[in-house]
Asker: 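Quick one: this structure, given as C-alpha cells, is what I'll be asking you about.
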Amino acid sequence: MNISKLLRKEVSNLKGYVPGKPIEEVKKELGIDNIIKLASNENPLGPSKKAVEAIKKEAENINIYPDAGANLLREKLAKKYNIDSAQIVMGNGGEEILKMIPHTFINPGDEAIMADPTFGLYATGVTHMGGKLVRIPLKNYKHDFEAFIENINDNTKLIFVCNPNNPVGNIMTKEEIDYLLKNVPEDVIVVFDEAYYEYAIKNPEYPDSLEILKTRPNTIILRTFSKVAGLAGVRTGYALTSKEIAKEMSKVKGVFNASRLAQTAAIAALEDQEHIEKTVELNYQSFEVMYKYFEEKNFEYIKSNSNFVFVNVGMDSRIVFQKLLEKGIIIRPGYLWNYDSWLRVSTGTIEQTEKFIEILDEVIK
Ligand SMILES: *Cc1c(COP(=O)(O)O)cnc(C)c1O
C-alpha cells in the first residue's frame, strides 16, 4: 500500500531516529546473554536507588492521572537553580522538549542553524514543521561559530548548540559561547542542549547558561534525568527558559507528558546527590582506561566532557560494529554521521570498559 499522497509533505522528508540497538534484540538475534551496551549513554551504575524506591511506592497510584503541571517537581528544580518555576517546562524526556521548540517557533521557511554532526532530533523537529536546516560542518571537531554567525539572516529563528556535542563529546567553552552570543541578534532563540551538564561542569571552561538566560530571555536550556540520574527508561527532561517562552511551549506539550512514575522518580533523584557524584567519578575513570588504550594504539580520539567518547579506530565502523556485536558489545558506529572509521562508545563500569577494550583489540586485528 502506498500512502505517500496522504502524508503531510514534511513527514515524507523525515528519516526516523536510529536508536541504539536494544539489549533484548541482540540477545534474541545472537543467543548470547552477557551483553554490554555502550551505545546509548546510559548510566552504568543503574538508576538512583532512591528513585527506584519512590517508583515502587507510586506504582500504587497509577490509576490516577499525574499532575499535568508537574508542580512539585518544577518547584524543586526552581529551588535547585534559583529561578522561578514558571521558567521550567517538563518534557517526556528531553526529546519532547526538542519537539516543542520547533512546534512553538518554526513557520515554514524559518531557518535553524546547527552543527553537523550533532544530535539528530534537532533536524527532525525543524523539518517536521517545514523549517529549513542550516547545517554547519564541525571545524576541528567543534561547532564552527564563525560560520554559524555568517549564516544568520532574517529567516533565522533557532540556533542549536549541543554542549557537549553528541556524538563528539567535547564542549564549547565560555569564551566561544560569549563570542557567538555577541554576534547573534536578540530575537534569535539560542538553544543550549545540556543533556550531559553534570559531567560537563567538571571542565572549568564550561559556560554557565543560567547566567546567560538572566540577561538573554530568548534562551532555552535543555537538561534531562536520562543520563547522569539513570532514568532514561521513565522519560523525563526539561527546559529552563524565560517565563514568556515557557508559557508558549507549555501550550504544545503533551498534557500529561510527565507520568506519575517519572515525576516521583525525578524528585527522588534530585535528592540523591551521592548517586550523581559516583556516576560522574566513574565516568572519568572509565575515560582514563579508554584513553590509555587509544594512546597505546595511536588512535585519534576527542577528549570528552560527556559520558561517551568519539574515537577513530581506522577501520570501517560497520564491520567493527558487527564484530563487536557478535561478541556481545553494542556501540554506535560512526558511519551514521559520515565518520566512517569512528566509533561512539559510552562509558561503562571499569569491568565493562576493560572488556570492551579487550574485545575491540581482538576485532581490529
Ligand atoms: C540523550 C540526549 C537528549 C535527551 O534525551 P532524553 O532521554 O529524551 O531526555 C538530548 N540531547 C542530547 C544531545 C542527548 O544526547
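In each ligand, atom 1 is the first atom listed, and ligand 1 is the first ligand listed. The shown structure was predicted, so the numbers you read here are calculated from the model rather than taken from an experiment.
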Asker: Of I88, D84, D67, which is the lone residue that meets side chain to side chain contact (heavy atoms under 4.5 Å, CB included) with R74?
Answerer: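 Output: one option passes, namely I88.
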
Asker: In terms of atom number and element, which parts of ligand 1 are under 4.0 angstrom from non-hydrogen atoms of A195?
Answerer: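 Checking each atom against A195, I get 2 (C), 3 (C), 10 (C), 11 (N), 12 (C), 14 (C).
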
Asker: Answer yes when E211 and K214 have at least one side-chain N-carboxylate O distance shorter than 4.0 Å, and no when they do not.
Answerer: yes

Asker: Looking only at the aromatic ring of each residue, does the gap between the centers of Y196 and F308 stay below 6.0 angstrom?
Answerer: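 They qualify: ring centres under 6.0 Å apart.
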
Asker: Could you pull out, from E194, K227, E42, K99, the option with a heavy atom nearest to atom 14 (C) of ligand 1?
Answerer: K227

Asker: Using a 4.0 Å heavy-atom threshold (strictly under), name the region of C162 that reaches ligand 1: side chain, backbone, both or neither.
Answerer: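 Just the side chain.
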
Asker: As an exercise, identify every atom of ligand 1 less than 4.0 angstrom from a heavy atom of S226.
Answerer: 6 (P), 7 (O), 9 (O)

Asker: Got an N/O contact under 3.5 Å between N166 and ligand 1?
Answerer: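 Min N/O separation from ligand 1 is below 3.5 Å for N166.
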
Asker: Less than 6.0 angstrom separating the ring centers of F310 and Y141, yes or no?
Answerer: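 Here the rings of Y141 and F310 have centres that are no less than 6.0 Å from each other.
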
Asker: Using non-hydrogen atoms of the residue, decide whether G94 is closer than 4.0 angstrom to ligand 1.
Answerer: yes

Asker: Please determine whether any non-hydrogen atom of R235 lies less than 4.0 Å from an atom of ligand 1.
Answerer: yes

Asker: Taking the six-membered ring of Y81 (Phe, Tyr or Trp), confirm whether the NZ or CZ of R223 is under 6.0 Å from its centre and within 45° of its axis.
Answerer: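 Yes, a cation-pi geometry.
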
Asker: Using a 4.0 Å heavy-atom cut-off, say whether Y196 meets ligand 1 through its side chain, its backbone, both or neither.
Answerer: side chain

Asker: Test your reading of the structure: does D193 have an N or O sitting under 3.5 Å from an N or O of ligand 1?
Answerer: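 So ligand 1 has an N or O lying under 3.5 Å from an N or O of D193.
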
Asker: Under 4.0 Å from a heavy atom of G93: give me the atoms of ligand 1 that qualify, with their elements.
Answerer: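 By the 4.0 Å cutoff, the relevant atoms are 8 (O), 9 (O).
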
Asker: Should E96 and R235 count as an ion pair when the cut-off is N to O under 4.0 Å?
Answerer: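 No, this pair does not count.
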
Asker: Do Y199 and Y284 have ring centres separated by under 6.0 Å?
Answerer: no

